[in-house]
Amino acid sequence: MRVRFAPSPTGFFHVGGARTALFNWLFARHLGGTFVLRIEDTDAERGREEWLNGIVDALTWIGIDWDEGPYRQSERGKLYADAADRLYADGNAYWCGCTRPAVDERNKANDIATPGYDGYCRERALSPRQGRALRFRTPTEGSTTVVDVIRGTPVFEHANLEDFVVLRSDASPVFLLANAVDDIDMSITHVIRGEEHLSNTPKTLLLWDALDGGPRPVFAHVPLLVNEKGQKLSKRRDKVALEDYRDQGFLADATRNYLGLLGWAPGGDREILSVAEMVREFRLEDVKSSPAFFDERKLLHFNGEYIRALSLDDFVDAARPFLAAGSWATEEFDEGAFRALAPLVQERVKTLTEVPAMVDFLFLSEAPVEEGAWDRRVVRGAAAAELLAGAAEVYSSCEWAAPVLHQVTASLGERHGLSLGKAQFPIRVAVTGREVGPPLFESLEILGRQRSIDRLLRALARLEA
RNA sequence: GCCCCCAUCGUCUAGCGGCCCAGGACACCGCUCUUUCAAGGCGGCAGCACGGGUUCGAAUCCCGUUGGGGGCGCCA
């Protein structure tokens, strides 16, 4: 049992591609088959090295490994040329000198509203020459049945299939040819790919047989990933780059888990699944046939679940790259302080990019300034000046521990007829700069007595100025 | 225009003829817990597109309608 994932290098890694790769990989691992990685870079201009690296990095990030490859179509030109020669020699293909505009014009003149080729050169027996393309001679009768694990057995009448190009006029192979040749050459048994390929599958099969490819592969056309309007996710209008999610603080495991549930479910009520569980339970027959909307909000929820499930060490490691985006001077970062606050941060963020703003007050010389918060909770806060002054005073002599700070602050609030919930606001804003963040008293404890009091006094001075 | 695919809460889905006047999750709305915000707990809102069959019985099977999507390129 052999499957392949065959992305074309386009500069970024599409989430739909990631899902297709994942299904291929789960299928292979579940059955103990072979997963082949093949890069479809027939379009020479696109065969850029960094594009390949992007694919390799993205797959690696999400936890997919391959048993063979990456093969590159750009390095396998001979195979495609030979196949094209055989097609021509066997009479399964012919040379065509038509240009696209000419075809369109004829179709228009004949009142044919089909964009397909009209077969103009089919019987002209043209010889190969510069500027001519090679077209497959599609049978005029009969039909091709696709065997698809997910879709059943759709039947395509040959009469509806045009004579499609297999070799461009510059002698380069098109996708259909290279794809079929490689799948035959690599003994692919199961072709798992996006539904957009279903309509072209009879062409693939016709080529397969014309090239004596042997037993036809079994197909599995997985449902499309769509946007909120139900349209196929596209680079132009939708956010589709896997790298973007990674850079925005999504964990690979959460993303993998979410992607795996788009069009497939393990049955029952479970959703959070480890890789091992997915491998164990994944079955191609259980993949749905209807499109799935890629819902970032649910991904966000999964991410929160996975972040909270991380061990302290893993969370610190995962957050590290994102800490670089903090507004503090690098040398001011204090790993110990971060680790101390991390457990409280961990359960409050849904993405890693939210981490810096939750801890920056620890590493900045002064509290960051959030004007809205200052205005709401200090300038217009009830008894703000009294609370700041009072806190500065009691904090200077009480034991410096969160429970004690909690207790003395509560008493301070009581004296002004305020609940702790209200009383902590001016202090929170004065010290951390923000009205929301990790629990205040733990934050104070970690920040330290002197720095906390300094900030309280500074806030007081600003308020009275 | 032609061909193909699809159809359970707003979204992702469970369901594969009786266990379902349809279960879970996200989102949303209450309540609760609470030092902010989250997280957690409890509760709520909300769906089998429509019409015919088949069957003792249909969300589940068949046909049609409607709606949505994909493909038809010297892109992949």
Side-chain angles (χ1 to χ4, degrees), chain A residues 6-10 40-43 46 96 98-100 103 107 111-117 131-135 146 148 150-152 154-157 159-162 164-170 172 174-176 178-179 194-203 221 223-224 226 228-232 258 261-272 286 288-295 297-302 304-305 308 344-350 358 373 377 402 405-406 409-410 413 419-425 427-429 432 434-442:
Chain A
S8 62
T10 53
E40 309 230 322
D41 55 351
T42 53
D43 206 341
R46 297 194 188 180
C96 168
C98 297
T99 60
R100 189 72 232 174
V103 175
N107 283 340
D111 208 27
I112 298 171
T114 165
Y117 182 61
R132 286 180 180 166
L134 189 66
R135 283 185 186 273
V146 177
D148 191 299
I150 299 170
R151 320 258 153 202
V155 178
F156 296 84
E157 296 295 330
N160 291 322
L161 301 178
E162 61 174 333
F164 54 95
V165 168
V166 291
L167 223 49
R168 301 190 186 96
S169 51
D170 66 357
S172 64
V174 301
F175 161 76
L176 245 13
N179 200 259
E195 198 206 315
E196 70 266 30
H197 293 290
L198 183 55
S199 292
N200 286 323
T201 304
K203 295 178 182 173
H221 286 96
L224 254 23
V226 300
E228 62 287 336
K229 291 191 191 120
Q231 305 159 312
K232 175 167 86 158
Y258 178 68
L261 293 181
L262 254 22
W264 175 80
D269 293 336
R270 288 169 311 140
E271 290 198 317
I272 301 293
D286 294 338
K288 297 246 306 174
S289 44
S290 48
F293 168 53
F294 185 91
D295 188 354
R297 287 177 308 179
K298 186 148 183 172
L299 205 210
L300 209 50
H301 174 260
F302 270 45
E305 295 269 352
R308 272 176 264 129
L344 298 172
V345 173
Q346 196 175 347
E347 58 187 70
R348 287 176 168 71
V349 297
K350 285 208 163 89
M358 298 224 103
R377 318 306 340 193
L405 292 165
H406 182 163
T409 308
S419 67
L420 184 51
K422 288 268 189 279
Q424 53 95 38
F425 268 124
I427 301 168
R428 173 181 288 281
V429 172
T432 73
R434 297 189 162 85
E435 50 190 335
V436 302
L440 180 60
F441 307 116
E442 285 78 0

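Letters A, B, ... mirror the listed sequences (proteins, then strands); counts begin at 1. Keep in mind that what you see is a predicted model, and the values were worked out from it rather than measured.
Across all strands, A:His221 comes closer than 4.0 Å to no nucleic acid atom at all (heavy-atom distances). Among the protein residues, A:Arg434 comes within range of no part of the nucleic acid, since none of its heavy atoms lies under 4.0 Å from any strand. Using a 4.0 Å heavy-atom distance criterion, A:Asn200 is classed as a base contact. In this structure, A:Glu162 reaches the sugar-phosphate backbone alone: every heavy-atom distance under 4.0 Å involves primed, P, OP1 or OP2 atoms, never a base.
The ring-ring contact (aromatic ring centres under 6.0 Å, His included) check on A:His406 picks up A:Phe441, with sequence neighbours excluded. Contacts of A:Phe156 classified as ring-ring contact (aromatic ring centres under 6.0 Å, His included), with partners at least two apart in sequence or in another chain: none. Residues meeting the side chain to side chain contact (heavy atoms under 4.5 Å, CB included) test with A:Ala423, sequence neighbours left out: A:Leu387, A:Leu418. Every side chain to side chain contact (heavy atoms under 4.5 Å, CB included) that A:Glu435 has, sequence neighbours left out, goes to A:Ala373, A:Arg376, A:Arg377, A:Phe425, A:Val429. Qualifying salt bridge (Lys or Arg N to Asp or Glu O under 4.0 Å) partners for A:Glu271, counting only residues two or more places apart in sequence or in other chains: A:Lys298. Not counting sequence neighbours, the partners of A:Arg434 by the salt bridge (Lys or Arg N to Asp or Glu O under 4.0 Å) test are A:Asp360, A:Glu370. When the side-chain hydrogen bond (donor to acceptor under 3.5 Å, both in side chains) test is applied to A:Thr409, the partners found at least two apart in sequence or on another chain are A:Tyr395.
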Show me the protein contacts with nucleotides 13-16 of chain B, counting only N or O atoms at under 3.5 Å.
residue	atom	partner	partner atom	Å
B:U13	OP1	A:Gly263	N	2.4

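We find that A:Arg168 and A:Asp170 are not joined by a salt bridge, their nearest charged nitrogen and carboxylate oxygen being 4.0 Å or further apart.
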Checklist entry - Where do A:Phe294 and A:Glu228 land on the side chain to side chain contact (heavy atoms under 4.5 Å, CB included) test, with the steps shown first? => result CA-CA 8 Å; A:Phe294 185 91; A:Glu228 62 287 336; over 6 Å; no
Checklist entry - Are A:Arg151 and A:Glu195 close enough, and set up right, to give a salt bridge (charged side-chain N to carboxylate O under 4.0 Å, His left out), and what steps lead you there? => result CA-CA 10 Å; A:Arg151 320 258 153 202; A:Glu195 198 206 315; 3.7 Å; yes
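Taking 4.0 angstrom as the limit, A:Lys232 places a side-chain polar atom (N or O) nearer than this to OP1 or OP2 of B:G71. Regarding contacts with the backbone of B:C72, every side-chain N or O of A:Arg100 stays at 4.0 angstrom or more from both OP1 and OP2. OP1 or OP2 of B:A25 has not a single side-chain nitrogen or oxygen of A:Arg270 nearer than 4.0 Å.
Under the 6.0 Å distance and 45° angle rule, A:Arg135 does not count as a cation-pi partner of A:Phe164.
Rounded to a whole angstrom, the distance from the P atom of B:A59 to that of B:C74 is 48 Å. Taking the C1' atoms as reference points, B:U13 lies 15 Å from B:A27, given to the whole Å. Taking atom C1' in both B:C56 and B:C48, the straight-line distance is 22 Å, to the nearest Å. Taking atom P in both B:A46 and B:A22, the straight-line distance is 11 Å, to the nearest Å. When the C1' atom is compared between B:C26 and B:C45, the two are found 15 Å apart, to the nearest whole Å. Comparing B:G67 with B:G40, their C1' atoms sit 42 Å apart, to the nearest whole Å. Comparing the same atom, P, in B:U60 and in B:C21 gives a spacing of 14 Å after rounding to whole Å. Rounded to whole Å, the separation between the P atoms of B:G24 and B:C42 comes to 12 Å.
Side-chain atoms of A:Gln231 and base atoms of B:G70 include no donor and acceptor less than 3.5 Å apart. For A:Ser169 against B:C74, a side-chain-to-base donor-acceptor contact under 3.5 Å is present.
Closest approach of A:Gly421 to A:Gln424, counting heavy atoms only: O-NE2, 3.0 Å.
A:Leu161 places its CG atom 15 Å from the C1' atom of B:G73, with the value rounded to the nearest Å. Here the C1' atom of nucleotide B:C12 and the CG atom of A:Leu300 are 15 Å apart, to the nearest Å. Spacing between atom CG of A:Asn179 and atom P of B:G73 amounts to 17 Å, rounded to whole angstrom units. Per the geometry, CZ belonging to A:Phe302 stands 17 Å off P belonging to B:U11, to the nearest Å. Spacing between atom CG of A:Asp148 and atom C1' of B:C5 amounts to 10 Å, rounded to whole angstrom units. One interatomic measurement links the two molecules: CD of A:Glu157 to P of B:C72, which rounds to 19 Å at whole-angstrom precision. Rounded to a whole Å, the CD atom of A:Glu228 is 15 Å from the C1' atom of B:G68. The distance from atom CG of A:Asp41 to atom P of B:A76 is 10 Å, rounded to the nearest whole Å.
Remark on RNA chain B: of its neighbouring residues A:Phe175 and A:Leu299, the 5'-side contact belongs to A:Leu299, judged by nearest-heavy-atom nucleotide. Both A:Phe156 and A:Cys96 lie near RNA chain B, and the one whose nearest nucleotide falls closer to the 5' end is A:Phe156.
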Item to check | Sugar-phosphate or base contact per nucleotide [nucleotides 27-44 of chain B; S, B, -; heavy atom under 4.0 Å] | outcome: S-------BBBBSS----
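Under the Watson-Crick or G-U wobble criterion, with both distances below 3.5 Å, B:C45 is left unpaired in every strand shown. With both pairing distances under 3.5 Å, B:G1 is matched to B:C72 as a Watson-Crick or G-U wobble pair. If you check B:G64 for Watson-Crick or wobble pairing at under 3.5 angstrom, you find it paired to B:C50.
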